[in-house]
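After the structure tokens below, expect a handful of questions from me.
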There are 2 protein chains.
Amino acid sequence: MNSLEEVEDFVRNGHRHYLPHLSIDPVIFGYHDQQLKILLLNWKGLNGWGLPGGFIQRREPLSQAAHRILQERTGLENVFLQQFHTFGDSPYRLQERNPREFFEKYGVDMGEDNWLFERTLSVGYFALVDYSKVNVRTDFFTQNYQWCDVKEIPSLLFDHNEAVDKALATLRLQIYHQPIGYKLLPEKFTLPEIHTLYETILGKELDPRNFAKKLVALGLIKKLAEQRAIGPHRSPYLYQFEKETYEDALKQGIVHTY
Amino acid sequence: MNSLEEVEDFVRNGHRHYLPHLSIDPVIFGYHDQQLKILLLNWKGLNGWGLPGGFIQRREPLSQAAHRILQERTGLENVFLQQFHTFGDSPYRLQERNPREFFEKYGVDMGEDNWLFERTLSVGYFALVDYSKVNVRTDFFTQNYQWCDVKEIPSLLFDHNEAVDKALATLRLQIYHQPIGYKLLPEKFTLPEIHTLYETILGKELDPRNFAKKLVALGLIKKLAEQRAIGPHRSPYLYQFEKETYEDALKQGIVHTY
DNA sequence: TCAAAAGTGTTAAGAATACACCCATGC
DNA sequence: GCATGGGTGTATTCTTAACACTTTTGA
């Protein structure tokens with residue numbers, strides 16, 4: 001949706017293709033270089049940062065819509081993506097919207113009862129990706145983006161701060177029940193790498209000895225014979241996820257701490 | 001909604017009051033006499049059992065809608081009610097609905113593009129109530145109801161089995177993170193009572209000694225000096241919830257097992 | 001005195017925590 | 001040889017799990 005024509009078509013005819021009253025605003029967590037960030041877009045007409053978003057096609061399964069929207073924004077497929085809450089309580093989710101000014105800036109005539117003005121609830125999904133592999137695609141409405149560290153989230157548009165907070169809380173609770181990291185680390189990784197990943201996501205320090213013991217005891221990772229040269233330091237061993245144990249844990253859940 | 005006039009008004013004008021495409025179908029867990037049941041309604045025209053349901057008013061916060069729908073069905077207020085998932089993937093949630101036959105049975109002329117025919121996603125909430133305190137209110141569409149033991153759930157209409165399964169799984173996971181029981185037991189209760197409650201919800205046996213130790217160690221309940229006479233058996237002591245600890249645990253969460 | 005249900009304590013195993021030193025590497 | 005980061009083990013504490021007999025009560 002980059003040209004004015006496409007936008008006009010979306011505004012006028014979108015209600016034929018998409019369900020009104022519902023959107024999906026994914027919280028995309030990106031991990032790279034020991035940092036956990038989320039993808040924010042600058043919505044031009046609103047002059048503020050917010051989550052990406054999209055609508056559900058009329059005949060499209062909900063979870064497929066979430067994957068599609070993610071794919072359109074990041075180019076990524078096969079992503080860890082999880083529904084965590086549906087938002088419909090905040091004042092912004094109560095009122096009929098007033099994006100009129102917003103659209104008028106672009107000279108699109110919307111009429112009085114355009115579908116985009118109606119009250120819209122949001123189904124919240126979060127994704128966990130390696131942000132160095134992402135090609136963010138902006139469009140007519142969003143020409144800037146940033147990967148913003150989770151420790152420095154600014155005040156966001158709408159109720160998006162609430163969504164980010166809840167997504168992060170869910171992710172942090174989840175990590176005690178399900179393994180993560182498969183898609184965020186290279187196939188072979190070092191203990192310090194996965195250690196930092198967990199520390200970064202949980203936002204707190206984890207004892208490296210206990211952490212390694214735990215992951216090995218759970219059978220989630222196994223040590224390989226190979227090492228990696230990392231310059232003027234001792235070479236760390238490489239590890240791999242134990243795929244079977246990992247997927248079992250994903251499905252059945254585990255209860256423990258780190 | 002008991003008379004034909006009300007129904008006709010709902011069918012023809014409901015879209016002015018309610019959001020289309022979205023419903024709330026609460027899974028109402030009722031506990032009483034050491035049994036965990038859910039409320040099922042018999043939808044007359046569909047000849048099958050399903051969950052109660054309702055729509056969201058256009059200007060009504062989502063969680064308030066859930067409470068209202070529950071209140072309308074059960075008369076209960078101030079209930080433990082929790083959102084657990086939004087359903088939009090099953091075949092039933094994909095198609096435009098075809099309740100035409102259903103309504104035609106009642107002689108309501110709906111027209112071709114009635115709002116009730118459209119695809120409808122469902123925001124799932126579950127509630128936990130004492131079913132002996134419930135006055136189920138049926139209406140024009142639902143004149144029978146039953147409290148059905150969770151171990152004997154029949155095949156339900158639409159995707160409601162999926163909703164029940166997921167609600168139960170969520171409740172069982174939740175019980176390891178948050179206390180429950182405040183609204184399900186009398187103010188003063190015995191250890192066997194709360195013990196059975198937890199066993200019933202989890203669907204498995206819990207060692208009575210360890211269980212009692214745990215609840216007391218967590219500071220959730222305290223022993224009173226009083227006992228209750230229960231006939232030709234030893235009189236059990238009464239306990240009370242420690243309100244402060246209980247509410248802290250509700251808000252902040254706990255991680256443990258039973 | 002009997003039947004039914006309640007109450008209670010200890011031990012062993014496992015898990016979590018805390019903690020500090022040596023090792024390997026490249027410059 | 002030195003700076004940097006990686007690797008590893010043990011002791012303590014706490015938590016969980018397993019387990020069986022005695023007490024109370026009213027009939």
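In the text below, chain A, chain B and the rest are named by the order of the sequence lines, each starting its count at 1.
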### Message
Just the rounded figure in Å: distance from P of C/dA18 to CG of A/L206.
### Response
12 Å
### A/T142-A/D139 side chain donor-acceptor pair, cut-off 3.5 Å
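Yes, a side-chain donor-acceptor pair sits under 3.5 Å.
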### Message
Using the side-chain heavy atoms of B/P232, tell me which of these nucleotides is nearest: C/dT25, D/dG7, D/dG26.
### Response
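Minimum distance to the B/P232 side chain belongs to D/dG26.
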#### Entry: Length of the line joining B/Y237:OH and D/dT24:P, which is rounded to integer Å
9 Å
### Task
Nearest-nucleotide wise, let me know which of B/T190 and B/D207 is further upstream toward the 5' end of DNA chain C.
B/T190
### Task
Please state whether the phosphate of C/dA15, meaning OP1 or OP2, lies under 4.0 angstrom from any side-chain nitrogen or oxygen of A/K214.
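Answer no for this pair, as no side-chain N or O of A/K214 is under 4.0 Å from OP1 or OP2.
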#### Entry: A/Y258 atom OH, neighbour heavy-atom count above 12 within 6.0 Å
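It does: A/Y258 OH has more than 12 such atoms within range.
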### Message
Is it the case that the base of D/dA17 and the side chain of B/R209 share a donor-acceptor contact (distance under 3.5 Å, atom types as modelled)?
### Response
no
### Query
D/dT15 P sits how many Å from B/L215 CG, rounded?
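It works out to 15 Å between those atoms.
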### Query
Could a donor-acceptor pair under 3.5 angstrom be found where the side chain of B/K223 meets the base of C/dT8?
no
#### Entry: Distance in angstrom units between B/N210 CG and C/dG9 C1', rounded
11 Å
### Task
Would you mind reading off the distance between B/K213 atom NZ and D/dA17 atom C1', rounded to a whole angstrom?
9 Å
### Rounded distance [0.5 Å steps], CD in A/E162 versus NZ in A/K166
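Answer rounded to 0.5 Å: 7.5 Å.
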### Task
Check whether the ring centres of A/Y246 and A/Y182 lie less than 6.0 Å apart, and answer yes or no.
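Ring-ring flag for A/Y246/A/Y182: true, centres closer than 6.0 Å.
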### Task
Could you check how far CD1 of A/I230 sits from P of D/dT4, rounded to whole Å?
13 Å
### Query
Across the strands shown, which category fits B/F211 at heavy-atom distances under 4.0 angstrom: base, sugar-phosphate, nothing?
nothing
### Query
Quick one: B/E205 CD to D/dA18 C1', roughly how many Å, whole number?
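One finds 14 Å between C1' of D/dA18 and CD of B/E205, rounded.
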### Task
Identify whether NZ of Lys or CZ of Arg in B/K183 sits under 6.0 Å from the centre of the six-membered ring of B/F80 and within 45° of that ring's axis.
no
### Query
Can you check whether A/T257 has a side-chain N or O nearer than 4.0 Å to OP1 or OP2 of C/dA16?
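True: A/T257 side-chain N/O within range (under 4.0 Å) of C/dA16 OP1/OP2.
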### Message
Once hydrogens and angles are ignored, does a donor-acceptor distance under 3.5 Å link the base of C/dA4 to the side chain of B/H233?
### Response
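When only heavy-atom distances are counted, B/H233 does reach the base of C/dA4 through a donor-acceptor pair under 3.5 Å.
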### Message
Output the rounded distance in Å from CD1 (B/I194) to C1' (C/dG7).
### Response
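Between C1' of C/dG7 and CD1 of B/I194: 17 Å.
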